[in-house]
Amino acid sequence: MNKKAVAIVGLGYWGPNLARNFDDLAELRWLCDASPDALERFGARYAQARTTTDLDEVLADPELDAVVVATPAVTHYELAKRALEAGKHVLVEKPPAMNAAEAEDLVATSESSGRVLMPGFLLLYHPAVQKVKELVASGELGEVFCVYSNRQNLGKIRTDENALWSLGIHDLSVVLHLLDEEPSEAWAHGNAFLTPGIEDVVFCYLRFPSGKIAHMHLSWLDPHKMRRITVVGREKMVVFDDMELDRKITVYDKAPEQPSDSYGEWRTRTGDIFSPKVPNDEPLKLECQHFVRLVQEGWDGREMHDGLEVVRALGLLTESLRG
Ligand SMILES: NC(=O)c1ccc[n+]([C@@H]2O[C@H](COP(=O)([O-])OP(=O)(O)OC[C@H]3O[C@@H](n4cnc5c(N)ncnc54)[C@H](O)[C@@H]3O)[C@@H](O)[C@H]2O)c1
């Protein structure tokens, strides 16, 4: 099959990682950035790609199949919409839009143009998250009671996006993916200690129609570097710890139980603790491969609807945070 022709829009911190992957998986046809310096730097590295500061020039190319948007979050909606309207498939970095109305409009534009719209929720392509999803979906954990995440560190201190939007969006995408439900309640509390209006520490609580609950602790003012998601099921419990090199996932065969001779008393059972093997593949490569596959083979819109759910939940949490 012919390689698909791709444009990368935005070559700041993250865009070059996407360029590196698409250079392997597709024809890297255009590099576009508002900064001529960035174009000069990456134009030299990818000599076969054309460079421009003008997105319209990119979109006018009839040989171009897809556009990858890696510009600042506030520009995502407008750039993704223009690319879809020009008949291009779009991979848009997280968040795909700043609010639910914009995200719904992108979904509608993708549907009417018949082009793929895939948000770049990186963690969903992490082999460990896929393994946790497998454990949840197969019923191995039993009924899931709750999920909680810890995404903390000292730094990187941001001044443009709060901890919910910068860190929490990753966990939120995983929580919704694992539970396969949209929250009916969303509460967020936090505070802006360093930069007015930019919350550095945020605690979130979500409740789902099934009764499951979730919590997220998000902070760049913390002594612990934690990248951890815990799922508590009725039969087993699982922890995904992205700080671990080899043991990313630990499954605990621990649970509450009510033996028939206990007259309603709860006891706990502690069994084996094991760590399933998780492939060491780069999540970003898997994300880019998935996008190329959707463009080549067609899709059912699942990724963009998942993206819309994340933006909706983020909107509820933001409303709650602002009180
Ligand atoms: N998935 C992840 O783990 C991950 C990690 C980091 C960043 N990101 C996302 O990637 C995106 C970019 O983040 P970053 O840290 O690279 O930002 P950045 O500020 O370092 O880079 C943004 C680049 O976009 C360019 N740009 C801005 N507006 C433009 C426009 N209208 N047209 C063309 N170019 C334009 C800027 O010149 C700059 O080079 C953000 O949405 C961020 O959330 C995702």
Side-chain angles (χ1 to χ4, degrees), residues 6-22 30-43 45-46 49-61 64 67-83 86 88 90-99 102-103 106 117-129 149 151 153 155-174 177 198 218 220 227 229 242 281-291 303 306-307 310-311 314 318:
V6 172
I8 308 290
V9 184
L11 292 154
Y13 160 67
W14 193 243
N17 294 322
L18 289 154
R20 168 174 53 79
N21 275 290
F22 280 108
W30 285 95
L31 298 173
C32 173
D33 197 291
S35 149
D37 286 352
L39 290 177
E40 199 175 320
R41 196 156 6 113
F42 291 101
R45 187 174 306 172
Y46 302 107
R50 304 174 206 182
T51 59
T52 181
T53 55
D54 180 6
L55 181 64
D56 285 330
E57 201 184 340
V58 174
L59 299 182
D61 178 355
L64 182 73
V67 171
V68 176
V69 179
T71 51
V74 288
T75 64
H76 290 175
Y77 164 67
E78 187 222 320
L79 300 184
K81 186 166 164 91
R82 278 168 66 193
K88 310 303 179 194
V90 173
L91 169 60
V92 56
E93 257 314 322
K94 53 86 191 165
M98 297 303 287
N99 57 56
E102 285 181 359
L106 282 186
L117 170 66
M118 182 177 131
F121 291 125
L122 184 65
L123 271 187
L124 299 187
Y125 302 92
H126 195 305
V129 170
S149 79
R151 195 163 293 272
N153 195 10
K156 177 183 185 229
I157 296 163
R158 299 196 175 266
T159 53
D160 52 347
E161 245 185 356
N162 67 16
L164 173 61
W165 282 75
S166 176
L167 307 174
I169 192 166
H170 290 292
D171 298 290
L172 194 54
S173 69
V174 175
H177 178 62
I198 304 292
L218 313 162
W220 51 67
R227 300 275 180 272
I229 296 175
D242 213 4
D281 300 322
E282 184 195 5
L284 186 61
K285 182 176 181 185
L286 297 172
E287 176 189 310
C288 296
Q289 276 173 338
H290 187 73
F291 178 64
E303 290 76 5
D306 290 351
V310 174
V311 174
L314 209 50
T318 302

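Indexing begins at 1, ligand by ligand and atom by atom, following the structure's order.
Protein heavy atom in closest approach to atom 16 (O) of ligand 1: Trp14 N, 2.8 Å. Among all non-hydrogen protein atoms, the one lying nearest atom 34 (N) of ligand 1 is Ala34 N, 3.1 Å. Nearest protein heavy-atom neighbour of atom 1 (N) of ligand 1: Glu93 OE1, 3.3 Å. Looking at atom 17 (O) of ligand 1, its nearest protein heavy atom turns out to be Tyr13 N, 4.5 Å. Ranking the protein heavy atoms by distance from atom 31 (N) of ligand 1 puts Leu79 CD1, 4.0 Å first. Looking only at protein heavy atoms, the nearest one to atom 21 (O) of ligand 1 is Gly12 CA, 3.2 Å. Residue, atom and distance of the protein heavy atom nearest to atom 29 (C) of ligand 1 are Thr71 CG2, 3.7 Å.
Contact atoms of ligand 1 toward Lys94: 4 (C), 41 (O), 42 (C), 43 (O), 44 (C) (distance under 4.0 Å to a heavy atom of the residue). Close contacts of ligand 1 with Leu122, meaning ligand atoms under 4.0 Å from a residue heavy atom, involve 1 (N), 3 (O). Set against the non-hydrogen atoms of Gly10, the atoms of ligand 1 under 4.0 Å away are 24 (O). Residue-ligand proximity, His76 to ligand 1, at heavy-atom distances under 4.0 Å covers atoms 41 (O).
In terms of heavy-atom proximity, Val129 sits nearest to Leu124 at CG1-CA, 4.4 Å. Across every non-hydrogen atom of His76 and Pro96, the tightest pair is CB-O, 3.4 Å. Trp220 approaches Ser166 most closely through the heavy-atom pair CZ3-CB, 4.2 Å. Across all non-hydrogen atoms, the minimal contact from Leu11 to Phe42 is O-CE1, 3.8 Å. For the residue pair Gly43 and Thr51, the shortest heavy atom distance occurs at CA-CG2, 3.9 Å. Looking at every heavy atom in both residues, Ser149 comes nearest to Ile229 through CB-CG1, 3.9 Å.
By the side-chain contact (heavy atoms from CB on, under 4.5 Å) test, Thr52 pairs with Trp30, Cys32, Asp54, Glu57, Val58, sequence neighbours left out.
Residues in residues 13-22 take part in these side chain to side chain donor-acceptor pair (under 3.5 Å) pairs, two or more places apart or across chains: Trp14-Glu93, Arg20-Glu282.
For Pro95, no nitrogen or oxygen atom sits less than 3.5 Å from a nitrogen or oxygen atom of ligand 1, counting backbone and side chain alike. For ligand 1, the polar-atom distance check against Glu161 finds no nitrogen or oxygen pair separated by under 3.5 Å. Taking distance alone, with nitrogen or oxygen atoms compared against 3.5 Å, Asp33 approaches ligand 1 more closely than that limit.
When heavy-atom distances to ligand 1 are checked against a 4.0 Å cut-off, Leu11 comes that close only through its backbone atoms N, CA, C and O. Of the heavy atoms in Ala70, only backbone atoms (N, CA, C, O) come closer than 4.0 Å to ligand 1.
Ring pair Tyr125/His290 is tilted by interplanar angle, where 30° to 60° counts as tilted.
Counting only distance, with no hydrogens or angles, the side chain of Lys88 and the backbone of Leu64 share a donor-acceptor pair below 3.5 Å.
Rounding to the nearest 0.5 Å gives a distance of 5.0 Å between CG of Leu284 and CG of Leu18.
At least one heavy atom of His170 sits less than 4.0 Å from an atom of ligand 1.
Between atom 19 (O) of ligand 1 and the options Pro72, Pro36, Pro119, the minimum heavy-atom separation is to Pro72.
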